[in-house]
Every structure is written in structure tokens, then in C-alpha cells.
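I have placed the structure first, in the form of C-alpha cells, so that the comments after it can refer back to it.
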Amino acid sequence: MLVCCKNEVDEDILESLCENARADKAAASLTDATRLCIDVVRPPNLGSNEENASSSVKTVA
Amino acid sequence: MQTPLRLRTPLELANLLSAVAIALLAVIIIATLYFGREIFVPISLAILLSFVLAPLVGLLQRIRVPRGLAVVGVVVLAFGLIFATGSLLAAQLAQLAEDLPRYQTTITEKIQSFRQTTAGRGTLERASGMLKDLSKELDKPKESAAPSSSGLTPRTTAPTTPVPVEVRQPDPGALQALQALIAPLLHPLATTGIIIIFVIFILLQREDLRNRLIRLAGSRDLHRTTAALDDAARRLSRLFLFQLMLNGSFGVAIGIGLWLIGIPSAILWGILAAVLRFVPYIGAVIAAAFPLALAVAVDPGWSMLIWTAALFIVVEPVVGHVIEPMVAGRSTGLSPVAVVASATFWTALWGPIGLVLATPLTVCLVVLGRHVERLEFLDVMFGDRPALSPPEIFYQRMLAGDPTEAADKAEEFLKERSLASYYDEVALKGLQLAQADADRGVLSDERLTKIRDAVSELVDDLEDSGERSPSKPDAVSDPEASSAVESVTANRSTEDIPVLQPEELPPEWQGETPVLCIAGRSLIDQAAAIMVGQLTAAHGLKARTEGPEALSTTNVFRLQTAGIHIICLVYMDTSTPAHMRYSVRPATQIS
């Protein structure tokens, strides 16, 4: 995951940075980065831990 | 040999000239205020009075009384009250002066009783006796002290009785008598007249005066400044009116209390207490001194003194620390140092009236500074708002290598907001300032290391704070932390990050550190990575942090990645996508 902590990084720029760097995910703040990490283990709208865990192992920066 | 002062660039010369010009201007302003006090004191009094009277004029205007009539009516009423109070004061003072000789016996008795209590000749008495002896020795006539130089026996002269001489002035004429009567009143009457005229004109032409002030201050955004100044004037009016009512109530309470205790001229001391309460910190103490002294003089015992002291000890804290904060908020917007400095400054310039006017005048200057760009320095110098923004304070503390103060502020901040909120809104913005300085090339490697180490220490200090949830609103007492809380709107996205429980983690994630935070390029990135690591850990995913050197060609394959499931690459500077791609590639390979 790419964490880009710079002022005025909007979603488009962030997406473009993520694509250019070929990262899996990108966050513009520490809060977003933490939330994304947690979502890897426990996606917001999915229940099963086992299902999530198998996908999360691959979701690294 | 000393080298002469040399200015290297035109900019330095311009800065020096500017500093000299400012110093000269300050000297000119202070000298003008001092030498022109006969003019400026009435004007200041008129401005402050107009702030107090403006709401009353507004009230009358709302019930359709024409402005001119409203102004004249309010001014007549106000000055009628002032004159009535003045007359009452004069009558009380005259009565007190008449009664004072009666208290002499009580004071003499108390001194004698004090002497008896101390039993025998104490140090003070011995010192006093010695001084008296010395004085007698000095007063002896020269002839008796030294023998005559002629060697003759001095003539003995009979003691001479002094002849009383009476000097009689010729009887003054009617004109001279009138002159003697009017002369002392002329100056106060003239000053009062000037104040009345100023108050009337200020109240009649408030908007015009405000516009002229805005033009003088050279504001760029006329509309915004006008609205802000209108708002500031309303707030000042409320503040002064409230202060007047509060101090008046304090005076009434003291007056009634002193009357019940039996102190003579209780009304006089009540009015004095109300006026002196405008003087910060020591006003009430000075107001208490006179009735206390009178209590000693009037009462043969000590009970009156004790009751009087108790009255001030109870009433002042109740008014100052209970009623005032409850009704008017925490403060007048002045820093405590500014209150003392302004009291000293205005007293030195204008004497006792300066002491009474110091706080209201300085409040006016600070409010002007808040709303007029060119006068912003007044707010910075005297206001109670922090001079630096929360991220600037954070960055400054990290630069100084002093994370303790930043940790204290953060602890205060965390009473109302989450750790994520603090890191994003204060710490990260502080690091962005550091990054901007690093981009300009003004931060040496040593400084960068200091910042990284200070952040690491701060994060350690806040280790336990991540698990605590913010307690309650208005819990922050520190002004800088309070300003940080106010600058951050309560945001659900930063406040409600879920916390993973250990049992929620899949077995392969339950290793020591499933998250690895790697600094992208610099030590500032590493500081941010340390904070990410603590945040993920606080929310159930423990993390390890590595510096920017971890992804170098030589180090990347030595990196311990066992048990790692997420790698976070942290960058403060996003201007180098090529570097990001270069870092992501090995990170993907090792994962």
C-alpha cells in the first residue's frame, strides 16, 4: 500500500499515483492508511474472516 | 580588530531600514501619547464610554426613537448618573474627613495595647530611641557643641522667648474669591465637556468612523473587514457593558457588606471597589486596603477587621472565578502577560487613570488586530490565542528535539479527539512543513535525524493514548491544545476507525507484526511511517517500521518479511512517482 501524505492530494491524483507506482492501494492520510489495513482483514461489508484473510495476504504494497 | 558592520544584500539593508522606521514610529507614538495625554485621555474615555452606551442607543432606535434623540438621551442619562455618583463620593469624602480625628483615640489605644503585648523595649523601639538621640545631637546649637575659637568663656545669655508674628493677607475681592472657587473645577469640567462632546459624535457617526478606520488600515477585503469590525464592536460593547455591570454589582455587594459590618462611608468604599475592579489582579486588593485600615481605626477590638477581610476574601473570588467565567466566558482575550504589561505601560504614560483604562484599551487594540490585517501584530503580541498554529507548534517542538511539550499538548488534545485525528491534523501537517523546508534545502541531515527521533519519542509517549477513546467535549484547558481542537472539526472518519480484536485475526495474521511500514525516501517519511505503525497497532494490527534504507538494492533482500501481510510505503513527497515505482517493485517481490 502506498501512503502519500501530502497536502491537497485528491482522489484522482492518488489513483494516478497508485497506478503509476503499481501499488495495490493508496491512502492520502494516516487515518485512511489504517482503515485500509483493517479493511484488508475485515472488509467493511463482508462477514467471514477466513474469506477475507485469503485475499488479504496478496494485498500488499 | 573589529570589522565594521557590513550589509551584504539590498534585502538586508531594506530590513534594517524597516526595523529602524518601526522603532522610530513606536517612539513617536509613545511620546505623542505621553505629551498629548490631556487630549488622548478624554478621547480614550469617550471611545470606551461610547462602546458601553452604543447598545442602549441601539435599543432606543429599535423602538423607533430617532438616532439623535436616542444619543442625547442616553448621554444625558449616563452623565447624570456619573455626576450623581461623583456628588455622593464628594459628600462621603467630606464626612470621612470630618470623622477621622475621632478615630485617633482608638488608634492610640491599639498602639499602646500592641506595645504592652510586645513587652519591653523591642528592637524597633531601641532603633527608634537611638534615632531620636541622634536627632537631638544634630539639633544642638553649634556654640554649645564646640568651644569658642577665641578661647573666651562664652557669654551666658538668657533664654529668649519667640515673638509670635501673624501674617495677614488683604481681604480678597469678590472676583478673586470667585476665581479661587472656580479655578480647581475648571480643568475637570473642561475634560468632562470634551468627553461628552466626543461621546455624542462617536455615537452619532459610528459607521463613518469605522469606514475611515478600515480605509486607514488599508484592508483589501472591504466587505469582510466591515462585517468583522461591526461584529467586533458589538462584542466589545457587550464585554464592556458586562464588565461595568459586574464591577458595579461587586461594588454594591462590598458597599452593603461594609455597611452591615459598620465601616463608615460604606458607599464611598463600594464605589471605589467598583472602579478599582477594572484594574486587573490588584484592583480588589487596593480597594480592600482602605476599609481594612478604617476597620482598625474604628473598632476598639479586631472583629471588624476580620469581617472586612472575610468580605473581600469571599466576594472577589465568587465574582471573579464563578460569576464572570459563567456569564462572560473564560477571559477578555488578553494573555496574562499582556494584562500586566499593559497596566504598567498605561500607568507609566497616563498615571492612575491609565491603570483603570489599561485593560479595556488593550482589549480594543487586540480586537482591532484580529480583524484588520495591518494591525495583526497587536493580536499576536497581546492576545491569548497561540501565536503559532498547532502544526507549527508541533514542527517547532520536533525541530527543537523536545517532544515532551508536544506530548503534553497531544494528551490534552486526545481528551476530545482521537489519536488518528491528532496525527492527521496536527502531526502530519507539522511534518508537511518540515518536508517543505527540506525541499528548500534548509534542513540539514542532523536536523532531519533530530525530527525523526523526536517523533519516535513522541509516539512512545503516546503509546497508551491510542487505545483510549476521547472523553468529553470542553475537557481541554490548555489554550494551545484547545486551539488545535477548535481547528479540527469532529470527523467521523477519523474518530470511528474500528479496532480489531485478536480473535478476529486469521491465524496466519496473529504473528508478531503483520504490518510493515517502510519510509519511502527520507527521515521525514520515516517519522510518518512510525505514526502509521502506531495507529495500525492501536487498532489491532501490530506493525514494524523500517527506515528509507531498507529498500535499497543491497538491503531489500535482507529484510525480514516472515509474518508480514501488508507493507505500507510512506511518502511525504509525491513528486517522484519513479522513485515510488522503484520502491514498490522490490516490496512486491519480497512479499
Side-chain angles (χ1 to χ4, degrees), chain A, chain B residues 418 420-421 423-425 427-429 431-432 435-436 491 493-494 497-500 503-509 514-518 520 525 528-529 531-532 535-536 538-541 543 564-575 577-585 587-588 590-591:
Chain A
M1 182 200 299
L2 200 60
V3 184
C4 305
C5 309
K6 192 169 166 114
N7 263 341
E8 294 153 11
V9 174
D10 64 21
E11 256 181 47
D12 292 342
I13 298 174
L14 195 65
E15 208 171 299
S16 140
L17 281 170
C18 187
E19 266 176 33
N20 280 338
R22 294 183 192 135
D24 291 323
K25 288 174 185 290
S29 68
L30 305 190
T31 305
D32 287 350
T34 311
R35 195 180 288 281
L36 285 174
C37 285
I38 290 168
D39 289 351
V40 169
V41 183
R42 193 179 71 177
N45 295 320
L46 295 176
S48 159
N49 282 344
E50 284 165 22
E51 189 187 337
N52 306 333
S54 61
S55 63
S56 67
V57 180
K58 294 172 197 161
T59 318
V60 286
Chain B
S418 66
S421 182
Y423 279 162
D424 266 338
E425 301 295 336
L428 205 58
K429 285 182 179 169
L431 288 181
Q432 281 162 358
Q435 184 62 50
N491 184 349
S493 71
T494 54
I497 306 172
V499 178
L500 293 171
E503 61 272 14
E504 284 183 275
L505 295 174
E508 63 271 28
W509 282 67
V515 179
L516 174 61
C517 300
I518 305 177
D525 294 340
M531 294 194 288
V532 178
L535 271 185
T536 58
H539 291 86
L541 290 171
I564 298 292
H565 294 273
I566 301 174
I567 295 178
C568 293
L569 276 172
V570 184
Y571 279 88
M572 296 296 294
D573 177 13
T574 54
S575 62
H579 191 278
M580 288 180 184
R581 194 163 53 243
Y582 172 80
S583 304
V584 169
R585 201 185 310 144
T588 314
I590 57 173
S591 65

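A quick note: this is a predicted structure, and the numbers were derived from the prediction, not measured. Throughout, a chain's letter reflects where its sequence line sits, starting with A, and its residues are numbered from 1.
Heavy-atom distances place both the backbone and the side chain of B/Leu535 under 4.5 Å from chain A.
Atoms CD1 and CG, on B/Ile566 and A/Leu36 in that order, are 9.0 Å from each other to the nearest 0.5 Å. Here B/Met531 contributes atom CE and A/Thr34 contributes atom OG1; the two are 10.5 Å apart, rounded to the nearest 0.5 Å. Of the inter-residue distances, the one linking B/Ser421 atom OG with A/Leu30 atom CG reads 11.0 Å to the nearest 0.5 angstrom. Between the SG atom of A/Cys37 and the CD1 atom of B/Ile567 there is a distance of 11.5 Å, given to the nearest 0.5 Å.
Using a 4.5 Å heavy-atom threshold, the side chains of B/Pro498 and A/Arg35 count as touching.
When atom types are taken as modelled, the side chain of B/Asp424 and the backbone of A/Ser29 share no donor-acceptor pair closer than 3.5 angstrom.
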